[in-house]
Amino acid sequence: MTGLSDIMETQDRILLSKLFHKYRQVEVALNRSVLAWKETEKSTKRSSGISNSAESAHIHAVQVCEILAVHSKDDDQDNTETRRSQDKAKQHSQMYPHAFTVSYVRRTRQHQWRCSEVTFHSANQALCEQWIKVINEQLSLLTNRPKSLLVYINPYGGKRRGKRIYEQKVAPLFGRACISTDVIVTDRANHARDHLKTEANLDNYDGVVCVGGDGMFSEILHGLISRTQTDNGVDQNQPDAELVPCSVHIGIIPAGSTDCICFATVGTNDPVTSALHIIVGDSQPMDVCSVHHNDSFLRYSVSLLGYGFYGDVLTDSERKRWMGPARYDLSGVKTFLSHNYYEGSVSFLPAENNMGDPRDKLQCRSGCSVCQSKPSSKDTQWEMSEEKEKTDKDGCWRTIRGKFIAINAASMSCACPRSPKGLSPSAHLADGTTDLILVRKCSRLDFLTHLIRHTNKEDQFDHSFVEVHRVRKFCFQPRQNEMLSLEDLTETPQKTGFRPICSAQTSYNYNTSRSSWNCDGEILPHAAIRVSVQSQLIRLFARGIEDQQFLLEDPCTLWALEPNTHFSVD
């Protein structure tokens, strides 16, 4: 057998052996990026009574970066089928008593990942041990993979399945990948946030994982960002402060009633898929919006900031928490029928022209060129400080005043199963901007048309009463109640009930009180806010939504032998 040192001298191929898989001889090859195998036995096919002998050309290939683990395997674990197959397996195990199993990622439908296994057999124990050793050596070179995780489980979120989901679906995968975990089951609101801010020794972990819904993720987000700013002496209450990016990755195991963030960054709300993204060490940078009222920090947001319609829906649904997830549907219908609108002014700093447009139909996907073109953190800080000086001098801020049914800021598409394209289909996860959507006063029928377009493929911004802007910062100031004009009072009739939805003379309920801001599912205490986008402040164990099946390099190249190539054969 050729020695391992000789094999490693080959530039591309590291190992090449003839092994057995499912009782058939296969040729297995490994280089630094791909593990591949193909059948070597010739099969006889009959067609119109003519026998033809052909080499099997079907090749299986797995990227090394998506191999989860490799370990030796006892052959008696395979004898689980019929008596005939058991007899065949017994005979096979006597001839080839040694084996090793490779666990790897397999893609299925709708962006879901599963853990698959392939077992190779050999009569040569040393050869199997060599394969295990070499594959593990290649895996050890993947320095982005986590080795130790801090896990927070919300046992009350969603349908109270978080603990069971973790123990049954996630923990076994972490164990197989040799990832050590410290698990904390939270017993109160903000337990995880407070623990991260004050007690957790983050130097011991490669990542923090939350098992729960968007609310649990928000706790982790706030705790981790606050801890990072405190450790670096940054005052979060300063609206113009340049926040320090978090060095610890965040993983999300979806187990809530809404898992918007997981859906928008992975493409599915599946716990196993999310666990596999964590294991392989995927890294997806994300922008975070910091929200202030005057000189007081309020909250961070990564998905939706909504005033008016979405704020009213959340406010009403909070009174119906006893109903569970169904409360959102009921509150949505009630808010739609109320048809409130609110007056105020929105000022914003537009993004540069090269940042694209919310209607350009350029969706953020895995390996997004727009997000990857962002400068480094130091360059970003210099650029934004220069931008601040320029805008202070040139006054590039724009102001829009009016009566709005909804004011939304989407820092991601906000896609979910009910709205596959989301509130802003072309929003990017890490380009340093948010999409500001202004829905002006309109009829109920027009607003219904706008909402329906969230569920289909039509352009939801193609309405005269809707405008959208890609911005870096924005401020909102509600109109004071005492500033109502005589025109406003005469225009707005008394609320005496709901009129027909298609009525030409549509009535409006101008609610003289203010609405509330919905900040990623939490109600803000102030209506007047200032929002700044903090570019790539956090990183998730994710890679963005993959457009199509991931294409491997051509595995056939692994068998293109060059002169004097050394390989190992059993």
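Look at Asp287 and Arg472 and you find no salt bridge, because none of the NZ, NE, NH1 or NH2 atoms lies under 4.0 Å from a carboxylate O. Comment: Glu39 does not engage Lys22 in a salt bridge, judged by the lack of any side-chain N to carboxylate O separation of less than 4.0 angstrom. Ion pairing between Arg543 and Glu66 holds under the 4.0 Å rule for side-chain N and carboxylate O.
Ring geometry, His191 versus His195: the interplanar angle exceeds 60°, so the pair is classed perpendicular (tilted spans 30 to 60°). A perpendicular orientation is assigned to the rings of Trp37 and Phe120, their planes being inclined by more than 60° (bins at 30° and 60°).
In this structure, the side-chain contact (heavy atoms from CB on, under 4.5 Å) partners of Arg164, at least two apart in sequence or on a different chain, are Arg161, Gln168. The side-chain contact (heavy atoms from CB on, under 4.5 Å) search around Asn232 returns Thr228, Val234, Val244, not counting sequence neighbours. Not counting sequence neighbours, the partners of Arg299 by the side-chain contact (heavy atoms from CB on, under 4.5 Å) test are Ser218, His222, Cys519, Glu522, Leu524.
Two residues are said to be in side-chain contact when any heavy atoms from C-beta on lie closer than 4.5 Å; Phe100 and Val70 meet this criterion. Side-chain atoms of Val531 and Trp517, non-hydrogen and from C-beta on, never get closer than 4.5 Å to each other.
There is no side-chain donor-acceptor pair under 3.5 Å between Asn124 and Ser122. For the residue pair Arg539 and Ser283, a side-chain donor N or O sits within less than 3.5 Å of a side-chain acceptor on the partner.
Between the OG atom in Ser366 and the CG atom in Asp282 there is a gap of 7.5 Å [rounded to 0.5 Å]. Once rounded to the nearest 0.5 Å, the distance linking OG of Ser116 with NE2 of His60 reads 11.5 Å.
Looking at Arg114, Lys169, His111 one by one, the single match for side chain to side chain donor-acceptor pair (under 3.5 Å) with Asp270 turns out to be Arg114.
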